[in-house]
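I have placed the structure first, in the form of structure tokens, so that the comments after it can refer back to it.
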Amino acid sequence: MTSPTNSPQPIAIVNARVLPIAGDPLERGTVLIRDGRIEAVGTDLAVPADAVVIDATGKWVLPGFIEAHGHVGIDEEANGWAGNDTNEMTDPNMAGVRAIDAINIDDEGFRDALAGGITTIVVKPGSGNPIGGQTVAIKSWGGRTVDEQVVSESVSVKSALGENPKRVYGDRTQTPSTRLGVSLVIRRAFVEARNYAEARDAAELKNEPFTRDLGKETLARVLSGELAWDQHVHRHDDIATALRLADEFGYRLVINHGTEGHKLADVLAERDIPVIFGPLFTSRTKVELRDRAIGNLVALAAAGVRVAITTDHPVVPINFLVHQASFAVKEGLPARVALEALTVNPAVMMRLQDRVGSLTPGLDADVVVWSGDPLEITSRAELVLISGTPVYRWADGAGHVIERSERLSARG
């Protein structure tokens, strides 16, 4: 687990338009940071005499954005097959694999994330398998290794319904080659995991030895509610299947993509099933995407569904996350909801809200100073702090990432 970096001095960002997300906007507001955490947010705060003061007059200050569904670091840019570790497609049930074991933190996508004001990323395996593996939430910069960037390893398990897994295994003429088979793989795995958990617990009570199974252990954590079930799904009939399976096994369902979710918006709202929607900047490249429209996201939100927005990086470059939100606003999504879909909503969905997602005292000081309203296409991130440490600056007409060599030399 990462801890906010201790700074020898507090930091005060002053005179800004502050959008805490968890509260009303503040004019000429101050954000006070100490020991890597947010200490206070307000308009009449006393600035400590030893504080590093950042004058943000005319700027907007928001919490760092969250990419709730990305493949940064496991589907590396410009590295071809050598950098693609997104799907372990040698068995349809890969519950035992972990995204963290394949993340390259030097992937260029992490630098792009900083330029887009993104400070937290939930990295997920791909959608080639009915059960793809365990996800991880990490900060987008700052560690010597990925382990030093981890926000939480106890986030979710990626699963896929629909075209992708049936195409992968259907081409090999093996199960699952149909939607029936995809559901069968998932149901069998959960039945086995439930039986496994019962046998494990019984052995523990009797103080008897028990042979561990990594995949079943992971699915048992889903059944217990510790991990969410991140369901890749596009079509409305596959969304109905996702709901049916969640009812059968009682796990905590999060819809990922949800292209046709608007057709079941009232059902999703009634059941409080959140949707990570997107990517928005794609064409209709397969049958599942025939009804793709940004307006579908607007309809979900209007129905009362908690929504987040994803680039599905590298499907859409991760630094375009905020631009997708801007286009959604153009289609009718309220600006407040659009910003919540980049911050507090994904934090709540992934149970990260005690660390990130708003400018709330006690949370990590992941703070971004924008040149203006981030939903305006001409605005840019001018300063990005992760746990109170500057990791990105806009200066001299260009963005500058604080590289590893600079960070390590500063420590020395």
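Below, all heavy atoms of this structure are taken into account, side chains as well, without hydrogens, waters or symmetry copies.
In this structure, R380 has no side chain to side chain donor-acceptor pair (under 3.5 Å) partners at least two apart in sequence or on a different chain. In this structure, R28 has no salt bridge (Lys or Arg N to Asp or Glu O under 4.0 Å) partners at least two apart in sequence or on a different chain. In this view, E226 and S154, R221, S224 satisfy the side chain to side chain contact (heavy atoms under 4.5 Å, CB included) rule, not counting sequence neighbours. The salt bridge (Lys or Arg N to Asp or Glu O under 4.0 Å) test applied to K59 returns E382, not counting sequence neighbours. By the side chain to side chain donor-acceptor pair (under 3.5 Å) test, S156 pairs with T135, D230, sequence neighbours left out.
Distance alone, capped at 3.5 Å, places no donor-acceptor pair between the S177 side chain and the T173 backbone. Listed for the N345 side chain is no donor-acceptor partner under 3.5 Å among the backbone atoms of A347. Side chain of R355 to backbone of S152: no donor-acceptor contact under 3.5 angstrom is found. With Y392 contributing its side chain and I402 its backbone, the two residues share no donor-acceptor pair below 3.5 Å. No donor-acceptor pair under 3.5 Å is formed between the side chain of H71 and the backbone N or O of D312. Remark: the backbone N or O of V322 is paired with a side-chain donor or acceptor of S326 at under 3.5 angstrom. With Y169 contributing its side chain and D91 its backbone, the two residues share a donor-acceptor pair below 3.5 Å. Put simply, the side chain of Q134 gets close to the backbone of E153: a donor and an acceptor are under 3.5 Å apart. At least one donor-acceptor pair under 3.5 Å links the side chain of E406 to the backbone N or O of E403. One N or O on the side chain of N87 and one on the backbone of G128 form a donor-acceptor pair closer than 3.5 Å.
Here the CD atom belonging to E288 is positioned 4.5 Å from the NZ atom belonging to K286, to the nearest 0.5 angstrom. To the nearest 0.5 Å, atoms CD1 (I13) and CD1 (I54) are separated by 5.0 Å. We find the CD1-CG distance between I273 and L243 to be 6.0 Å, quoted to the nearest 0.5 Å. For the atom pair NE2 of H313 and CD of E77, the computed distance is 4.0 Å after rounding to the nearest 0.5 Å. How far OG of S140 is from CG of D112: 11.0 Å, rounded to the nearest 0.5 Å. One finds the CD1 atom of I318 at 10.5 Å from the CD atom of Q324 (value rounded to the nearest 0.5 Å).
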Original post:
Yes or no on side-chain contact (heavy atoms from CB on, under 4.5 Å) for R292 and T282, after CA distance, side-chain angles and deciding distance?
Top reply: CA-CA 9 Å; R292 185 206 66 78; T282 60; 3.4 Å; yes
**OP:** Check the pair N256, K124 against side-chain hydrogen bond (donor to acceptor under 3.5 Å, both in side chains), reporting the backbone distance first and the verdict last.
**Re:** CA-CA 11 Å; N256 287 233; K124 301 180 180 181; 2.8 Å; yes
Subject >> Test log, rule ring-ring contact (aromatic ring centres under 6.0 Å, His included), inputs H257 and H232 >> reply: CA-CA 6 Å; H257 305 306; H232 163 109; 4.7 Å; yes
Subject >> Pair Y196-L223, side-chain contact (heavy atoms from CB on, under 4.5 Å): steps then yes or no >> reply: CA-CA 11 Å; Y196 170 91; L223 291 172; over 6 Å; no
**OP:** Take I309 and L321, measure what side-chain contact (heavy atoms from CB on, under 4.5 Å) needs, and give me the verdict at the end.
**Re:** CA-CA 7 Å; I309 298 173; L321 180 66; 4.1 Å; yes
**OP:** Begin with the C-alpha distance, continue with both residues' side-chain angles, and end with the deciding distance and a verdict on side-chain hydrogen bond (donor to acceptor under 3.5 Å, both in side chains) for E76 and N104.
**Re:** CA-CA 8 Å; E76 301 171 42; N104 176 6; 3.0 Å; yes
**OP:** Could you go through the ring-ring contact (aromatic ring centres under 6.0 Å, His included) check for F327 and F320 one step at a time?
**Re:** CA-CA 11 Å; F327 272 68; F320 287 3; 9.8 Å; no
Original post:
What do the steps show when you test N129 against N93 for side-chain contact (heavy atoms from CB on, under 4.5 Å), and what is the final call?
Top reply: CA-CA 7 Å; N129 292 319; N93 178 1; over 6 Å; no
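Between the side chains of K216 and N195, no donor N or O sits under 3.5 Å from an acceptor N or O. Residues E88 and T90 have side chains that bring a donor and an acceptor to within less than 3.5 angstrom of each other. Residues S283 and T285 bring no donor and acceptor atom of their side chains to less than 3.5 Å of each other. No hydrogens or angles considered: nothing links the side chains of D50 and Q9 as a donor-acceptor pair under 3.5 Å. Checking T310 against E67 by side-chain atom types alone, a donor-acceptor pair falls below 3.5 Å. At a cut-off of 3.5 Å, with distance as the only test, a side-chain donor of S387 or K139 sits close to an acceptor on the other residue.
Residues W229 and V222 form a side-chain contact, since some pair of their non-hydrogen atoms from C-beta on lies under 4.5 Å apart. Annotation: side chain of M94 is not in contact with side chain of I131 (no heavy-atom distance under 4.5 Å). L280 is listed as a side-chain neighbour of L297, based on a closest heavy-atom distance under 4.5 Å. You'll find the side chain of F277 stays beyond 4.5 Å of the side chain of V298, heavy atoms only. Side-chain contact between T360 and L363 is present, with at least one heavy-atom pair separated by less than 4.5 Å. Between L161 and Q231, the closest side-chain pair of non-hydrogen atoms falls below 4.5 Å. Residues P63 and I21 meet the side-chain proximity criterion, which asks for heavy atoms closer than 4.5 Å. L385 is not listed as a side-chain neighbour of V391, based on a closest heavy-atom distance of 4.5 Å or more.
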Which pairs would a plain distance check flag for residues 197-204, meaning a side-chain donor or acceptor within less than 3.5 Å of a matching protein atom at least two apart in sequence or in another chain?
| unit_1 | atom_1 | unit_2 | atom_2 | d |
| --- | --- | --- | --- | --- |
| R200 | NH1 | E217 | OE1 | 3.1 |

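Electrostatic pairing of R37 and D366 does not count as a salt bridge here, judged by no charged N lying under 4.0 Å from a carboxylate O. Ion pairing between a basic and an acidic side chain is recognised when a charged N comes within 4.0 Å of a carboxylate O; R244 and E248 show no such pairing. Between D291 and R284 there is no salt bridge, since none of the side-chain N atoms of the basic residue sits less than 4.0 Å from a carboxylate O of the acidic one. E148 and R144 are joined by a salt bridge, as a carboxylate oxygen and a charged side-chain nitrogen come within less than 4.0 angstrom of each other. By the 4.0 Å N-to-carboxylate-O rule, R235 lies too far from E163 to be salt-bridged with it.
Heavy-atom contacts from other residues, nucleotides or ligands closer than 6.0 Å to CZ of R98 number 12 or fewer. For R212, the CZ atom is loosely surrounded, since the number of other residues' heavy atoms within 6.0 Å does not exceed 12. The local environment of CG in D24 is sparse, with at most 12 non-hydrogen atoms from other residues, nucleotides or ligands closer than 6.0 Å.
The two atoms that bring A301 and V337 nearest to each other are CB-CG1, 4.1 Å, heavy atoms only. Residues S159 and P130 approach most closely at OG-O, 2.7 Å, considering heavy atoms. Taking all atoms of both residues into account, the shortest heavy-atom contact from S379 to G372 is OG-C, 3.3 Å.
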